[in-house]
Asker: 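Here it is, the structure in full.
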Amino acid sequence: MSLPIILLHGFMQDARTWNSVVDAVPGGNVYAINYVSGAQGYSLPQLAESVHRSVMQICQENACDKVVLVGYSMGGRVAVEYARAFPQTLAALVLESAGLGCVDEAERTWFAERNNAWAQRMEQAESIQEVVDWWEKLPLFASQLEQPEEVQRTQRDMRLACDTTALAGQLRDGGVQTMALQADTVRMLASLPVPVRFLAGERDERYSRIADACQAAGIAVTRFDCGHNVHMERPSEFACVLNEARGME
């Protein structure tokens with residue numbers, strides 16, 4: 001049986017975000033998990049522990065002791081924490097548009113203040129629809145408007161299914177401001193005894209710069225002609241990278 005691939009969704013998403021990727025990966029044995037709902041809290045260590053419980057169950061079912069872990073955006077931050085805590089369970093790590101920490105303490109303060117303001121906005125909103133209407137207009141997601149209506153509708157349905165209190169908790173307790181500084185995280189990733197690959201859309205300026213930092217440290221980087229959500233905008237190409245990570249190509 002092929003090595004399991006475990007997919008971690010981003011903020012304001014659930015496992016459905018991976019449907020097109022799961023269908024495109026040959027060999028099967030791909031698991032998209034809803035790790036937030038199974039966590040004891042919203043800090044990155046708590047979310048990583050939730051992932052670890054799923055990994056242990058999947059390894060038992062597959063009679064294996066390692067997996068390929070893939071994390072998108074917030075799921076990438078969780079995957080980084082997982083790699084720090086449970087490296088012995090990884091065969092490979094793939095990070096898609098993942099924040100790797102702030103560049104300095106001034107940026108950490110800025111993100112903490114911004115994420116707290118966003119959390120307050122969500123808590124004070126009259127409905128989740130109000131939150132989603134605002135969220136979908138963020139410049140980060142502009143390229144998603146080019147996707148087919150069905151794809152956009154699935155994305156919106158996932159967002160509308162979220163709980164505003166839970167979202168606020170994730171922003172405060174699991175935001176990029178809670179991570180080690182970017183340089184420290186990049187060094188940790190470069191020192192892992194397993195292959196690590198960072199994926200970024202060329203139209204996503206912030207995460208392209210993070211890809212540059214990874215590449216400078218010797219971490220493998222793949223860039224795509226798209227925005228922030230690579231697996232949504234380029235599912236077939238994304239699946240090819242997962243095949244490579246699993247050693248199928």
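Position 1 is the first residue of the sequence, and the numbers go up from there. Quantities reported herein were computed from a predicted structural model and do not represent experimental measurements.
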Asker: How many angstroms lie between CZ in Arg153 and CG in Leu160, if you round to the nearest 0.5 Å?
Answerer: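 The distance works out to 12.5 Å.
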
Asker: Side chains of Gln13 and Asn229, heavy atoms from C-beta outward: is any pair under 4.5 Å?
Answerer: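 Heavy-atom side-chain distance check passes, below 4.5 Å.
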
Asker: Please check if atom CD in Glu205 has more than 12 non-hydrogen atoms from other residues, nucleotides or ligands closer than 6.0 Å.
Answerer: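 No, the 6.0 Å shell around CD holds no more than 12 heavy atoms from other groups.
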
Asker: Any chance you could lay out the side chain to side chain contact (heavy atoms under 4.5 Å, CB included) test for Gln124 and Thr164, step after step, and finish with the verdict?
Answerer: CA-CA 9 Å; Gln124 295 167 4; Thr164 53; over 6 Å; no

Asker: If you link ILVMFWY side chains whenever their heavy atoms are less than 4.5 Å apart, which other residues fall into the same cluster as Val151? By chain and number, please.
Answerer: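 Hydrophobic cluster check, Val151: joined to Met232.
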
Asker: In terms of hydrophobic clusters joined by side-chain contacts under 4.5 Å, are Phe86 and Leu8 together?
Answerer: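 Linked within one cluster.
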
Asker: Between Ser143 and Gly227, what is the shortest heavy-atom contact and its length?
Answerer: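 Reported closest heavy-atom pair: OG-CA, 3.3 Å.
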
Asker: Begin from the C-alpha positions of Leu7 and Val30 and carry the test side chain to side chain contact (heavy atoms under 4.5 Å, CB included) through to its verdict.
Answerer: CA-CA 8 Å; Leu7 307 172; Val30 181; 3.5 Å; yes

Asker: Any salt bridge linking Arg108 with Glu105? Criterion: basic side-chain nitrogen under 4.0 Å from a carboxylate oxygen.
Answerer: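 Yes, this pair counts.
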
Asker: Compare every heavy atom of Arg172 with every heavy atom of Ala119, then report the nearest pair and how far apart it is.
Answerer: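 Shortest heavy-atom contact: CB-CZ, 3.6 Å.
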
Asker: Under 3.5 Å, which donor-acceptor pairs link side chains of residues 208-215 to any protein atom two or more places apart or in another chain?
Answerer:
residue : atom : partner : partner atom : Å
Ser208  : OG   : Gly201  : O            : 3.0
Ser208  : OG   : Asp204  : O            : 2.9
Asp212  : OD1  : Arg223  : NH1          : 3.3
Asp212  : OD1  : Arg223  : NH2          : 2.7
Gln215  : OE1  : Arg223  : NH2          : 2.9

Asker: Is a side-chain N or O of Asn62 found less than 3.5 angstrom from the main chain of Ile58, in a donor-acceptor match?
Answerer: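 Side chain of Asn62 to backbone of Ile58, a donor-acceptor pair under 3.5 Å: yes, one is there.
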
Asker: Do Leu138 and Ile128 belong together in a cluster built from hydrophobic side chains that touch within less than 4.5 Å?
Answerer: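 Leu138 and Ile128: one cluster.
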
Asker: Step through it carefully: locate the ring centre of Trp18, locate the ring centre of His231, and say whether they are under 6.0 Å apart.
Answerer: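 Yes, they do, as the ring centres are separated by less than 6.0 Å.
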
Asker: Under a 4.5 Å cut-off applied to non-hydrogen side-chain atoms, are Val36 and Gln170 in contact?
Answerer: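 A side-chain contact exists here, since the closest heavy-atom pair is under 4.5 Å.
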
Asker: Is the number of heavy atoms from other residues, nucleotides or ligands under 6.0 Å of Gln120 CD greater than 12?
Answerer: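 Counting neighbours around CD of Gln120, more than 12 heavy atoms of other residues, nucleotides or ligands fall under 6.0 Å, so yes.
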
Asker: Closer than 3.5 angstrom, by distance alone: can the side chain of Ser37 be matched with the main-chain N or O of Asn34 as a donor-acceptor pair?
Answerer: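 Here the side-chain-to-backbone pair exists.
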
Asker: Among all residues two or more places apart in sequence or in another chain, which pass the side-chain hydrogen bond (donor to acceptor under 3.5 Å, both in side chains) test with Asn115?
Answerer: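 Result, side-chain hydrogen bond (donor to acceptor under 3.5 Å, both in side chains) vs Asn115: Gln177.
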
Asker: Of the non-hydrogen atoms in Asn29 and Ser2, which two are nearest, and what is the gap between them?
Answerer: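 That closest heavy-atom pairing would be ND2-O, 2.6 Å.
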
Asker: Nearest heavy-atom pair of Met158 and Thr17: which atoms, and what distance?
Answerer: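 Looking at all heavy atoms of both residues, the shortest contact is SD-N, 3.4 Å.
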
Asker: Checking side-chain polar atoms at under 3.5 Å, does Gln144 have a donor or acceptor matched by the opposite partner on Gln152?
Answerer: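 No donor-acceptor contact under 3.5 Å links the two side chains.
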
Asker: Apply side chain to side chain contact (heavy atoms under 4.5 Å, CB included) to the pair Thr89 and Tyr82, showing each step before the final yes or no.
Answerer: CA-CA 9 Å; Thr89 67; Tyr82 184 96; 2.7 Å; yes

Asker: Nearest heavy-atom pair of Tyr31 and Pro4: which atoms, and what distance?
Answerer: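 Closest approach of Tyr31 to Pro4: CE1-CB, 4.1 Å.
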
Asker: Would a distance-only check, ignoring hydrogens and angles, find a side-chain to backbone donor-acceptor pair under 3.5 Å from Arg203 to Cys226?
Answerer: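 No, the answer is negative, given that no donor and acceptor are paired below the 3.5 Å cut-off.
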
Asker: Determine, stepwise, if the pair Glu123 / Thr165 fulfils side chain to side chain contact (heavy atoms under 4.5 Å, CB included).
Answerer: CA-CA 6 Å; Glu123 290 168 331; Thr165 300; 5.6 Å; no

Asker: Just verifying a value: how many Å separate Leu171 CG and Arg114 CZ, rounded to the nearest 0.5 Å?
Answerer: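 One gets 7.5 Å once the value is rounded to the nearest 0.5 Å.
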
Asker: Is the Tyr72 ring parallel, tilted or perpendicular to the His228 ring (thresholds 30°, 60°)?
Answerer: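 If you compare the ring of Tyr72 with that of His228, the planes turn out tilted.
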
Asker: Taking the six-membered ring of Phe141 as reference, does the cationic atom of Arg159 (NZ for Lys, CZ for Arg) lie under 6.0 Å from its centre and within 45° of its axis?
Answerer: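 Because its charged atom sits under 6.0 Å from the ring centre and within 45° of the axis, Arg159 does stack over Phe141.
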
Asker: Is any side-chain heavy atom of Val230 closer than 4.5 Å to one of Thr222?
Answerer: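 Side chain of Thr222 against side chain of Val230, heavy atoms only: no contact under 4.5 Å found.
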
Asker: Test of understanding: clusters of I, L, V, M, F, W, Y form through side-chain heavy atoms closer than 4.5 Å, transitively. Do Phe111 and Val103 belong to the same one?
Answerer: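 Shared cluster, no.
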
Asker: Judged by modelled atom types alone, do Tyr207 and Ser73 share a side-chain donor-acceptor pair under 3.5 Å?
Answerer: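 Looking only at side-chain atoms, Ser73 and Tyr207 do not form any donor-acceptor pair under 3.5 Å.
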
Asker: Determine all donor-acceptor pairs shorter than 3.5 Å in which one atom belongs to a side chain in residues 64-71; sequence neighbours excluded.
Answerer:
residue : atom : partner : partner atom : Å
Lys66   : NZ   : Gln88   : O            : 2.9

Asker: What distance separates Phe198 CZ from Ser97 OG, expressed to the nearest 0.5 Å?
Answerer: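 Output value for this atom pair is 6.0 Å.
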
Asker: Between Phe224 and Glu233, is any pair of side-chain heavy atoms under 4.5 Å apart?
Answerer: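 They are not in contact (no side-chain heavy atoms under 4.5 Å apart), so the answer is no.
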
Asker: Which pair of non-hydrogen atoms, one from Asp133 and one from Arg156, has the smallest distance, and what is that distance?
Answerer: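 Closest pair (atom of Asp133, atom of Arg156, distance): OD1-NH2, 2.8 Å.
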
Asker: Sequence neighbours excluded and cut-off under 3.5 Å, please list the side-chain donor-acceptor pairs for residues 180-194, or say none.
Answerer:
residue : atom : partner : partner atom : Å
Asp184  : OD1  : Arg187  : NH2          : 2.3
Thr185  : OG1  : Leu100  : O            : 2.9
Thr185  : OG1  : Leu181  : O            : 3.4
Ser191  : OG   : Arg187  : O            : 3.4
Ser191  : OG   : Met188  : O            : 2.8

Asker: Please confirm whether the backbone N or O of Arg77 pairs with a side-chain atom of Glu81, one donor and one acceptor, at under 3.5 Å?
Answerer: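 Such a contact is absent between Glu81 side chain and Arg77 backbone.
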
Asker: Report yes if some heavy atom in the side chain of Pro195 is under 4.5 Å from a heavy atom in the side chain of Leu93; otherwise report no.
Answerer: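 Result no, sub-4.5 Å side-chain heavy-atom pair not found.
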
Asker: Tell me, do Met179 and Leu44 make a side-chain contact under 4.5 Å, heavy atoms counted?
Answerer: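 Side-chain contact under 4.5 Å: yes.
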
Asker: Throw together a table of side-chain donor-acceptor distances under 3.5 angstrom for residues 47-56, partners on residues two or more places apart or in other chains.
Answerer:
residue : atom : partner : partner atom : Å
Ser50   : OG   : Tyr35   : O            : 2.7
Arg53   : NH2  : Gly38   : O            : 2.8

Asker: Does either side chain, that of Arg16 or that of Thr154, offer a donor lying less than 3.5 Å from an acceptor on the other one?
Answerer: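 Per modelled atom types, Arg16 and Thr154 side chains form no pair under 3.5 Å.
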
Asker: Tell me if a side-chain donor or acceptor on Glu237 pairs with a main-chain N or O of Arg234 at a distance below 3.5 Å.
Answerer: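 Side chain of Glu237 to backbone of Arg234: no pair is present.
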
